[in-house]
Each structure stands twice: as C-alpha cells, then as structure tokens.
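Please read the structure below before turning to the comments.
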Amino acid sequence: MAWLILVLSGMLEAVWASALSASDGFKRVRPSILFVVAMLASMAGLAYAMTTLPTGTAYAVWVGIGASLTVVWAMITRKEPASIARICLLVLLVGSVVGLKVVS
C-alpha cells in the first residue's frame with residue numbers, strides 16, 4: 001500500500017509543479033489553488049509512505065516520478081523541446097526509479 005501511495009504522491013508532485021508554473025507567480029487563482037491542494041496531498045502521501053519505506057528510497061522515487069512526469073507534460077504541451085537525448089535521459093531516470101523499487 002505504501003508503494004501505491006508513493007507513486008500517486010509522485011504523480012501529484014508533477015501536478016503541483018506544473019500548476020506552480022501556470023500560476024504565473026500566484027497571480028492566477030485556479031492554478032494557485034491547484035498547486036496548494038496537490039502539494040499538500042503529495043507531501044501527505046510521501047510522509048505516509050516514509051513510515052514504512054526507507055526514507056532515501058521513498059524520496060528518490062517520489063522525486064523521480066514527479067520530475068519525469070513534469071518533463072513529459074512540458075514536452076507534450078510544447079513548453080519544452082523533445083529530443084532523443086532528453087527522452088533517453090528520462091528512460092534512464094525511470095529505470096533508476098524502478099531499480100530502487102526492485103532492490104528495496
């Protein structure tokens with residue numbers, strides 16, 4: 001159960017990171033509210049997962065999922081360029097996250 005909550009929390013990290021960017025320095029209300037709600041839920045899930053998972057592994061997995069999904073979303077929405085090198089590095093990052101799960 002902790003792993004599922006950790007994965008969902010990592011996904012919420014991507015939501016709050018994207019909402020933070022869309023909030024335009026907290027000038028836009030809806031993205032700002034989404035940022036706060038997603039961040040609180042993400043942190044709560046991470047805290048829960050850390051009660052049973054090793055802290056370093058949980059944090060690395062949480063950050064890896066959040067960072068990967070944030071970059072993928074930015075590429076899909078064309079806010080960041082997609083390139084073979086970037087995609088290969090994302091695959092390496094996801095592979096590292098999976099590797100941490102396997103050895104933990």
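All residue numbers in this chain count up from 1 along the given sequence.
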Considering all heavy atoms, the nearest [X]-[Y] contact:
{"X": "A58", "Y": "L53", "answer": "CB-CB, 4.2 Å"}
{"X": "A2", "Y": "Y48", "answer": "CA-CE2, 4.3 Å"}
{"X": "G64", "Y": "S68", "answer": "O-OG, 2.7 Å"}
{"X": "V97", "Y": "A60", "answer": "CG2-O, 4.3 Å"}

- With side chain to side chain contact (heavy atoms under 4.5 Å, CB included) as the test, would you mind laying out the steps for V29 and S32 before giving the verdict? CA-CA 5 Å; V29 175; S32 297; 5.7 Å; no

Are [Y] and [X] linked, directly or through intermediate hydrophobic residues, by side-chain heavy-atom contacts shorter than 4.5 Å (ILVMFWY only)?
{"X": "V71", "Y": "W16", "value": "no"}
{"X": "F35", "Y": "M11", "value": "yes"}
{"X": "V72", "Y": "V15", "value": "no"}
{"X": "I65", "Y": "V91", "value": "no"}
{"X": "V61", "Y": "I5", "value": "yes"}

Contact check, side chains of [X] and [Y], non-hydrogen atoms, under 4.5 Å:
{"X": "L100", "Y": "S96", "answer": "no"}
{"X": "M75", "Y": "L90", "answer": "yes"}
{"X": "P31", "Y": "L34", "answer": "no"}
{"X": "L89", "Y": "L93", "answer": "no"}
{"X": "W62", "Y": "M50", "answer": "no"}
{"X": "E80", "Y": "R86", "answer": "yes"}

- Task: Assess whether side chain to side chain contact (heavy atoms under 4.5 Å, CB included) is satisfied between L12 and L8, documenting all intermediate values.
- Result: CA-CA 6 Å; L12 284 172; L8 293 174; 5.7 Å; no

- Between CG of L92 and CD1 of I87, what distance do you get to the nearest 0.5 Å? 14.0 Å

- Distance (rounded to the nearest 0.5 Å) between K79 NZ and T70 OG1: 12.0 Å

- Message: Keeping S42 on the side-chain end and S9 on the backbone end, is there a donor-acceptor pair under 3.5 Å?
- Response: yes

- Flag if over 12 foreign heavy atoms under 6.0 Å of CG, L4: yes

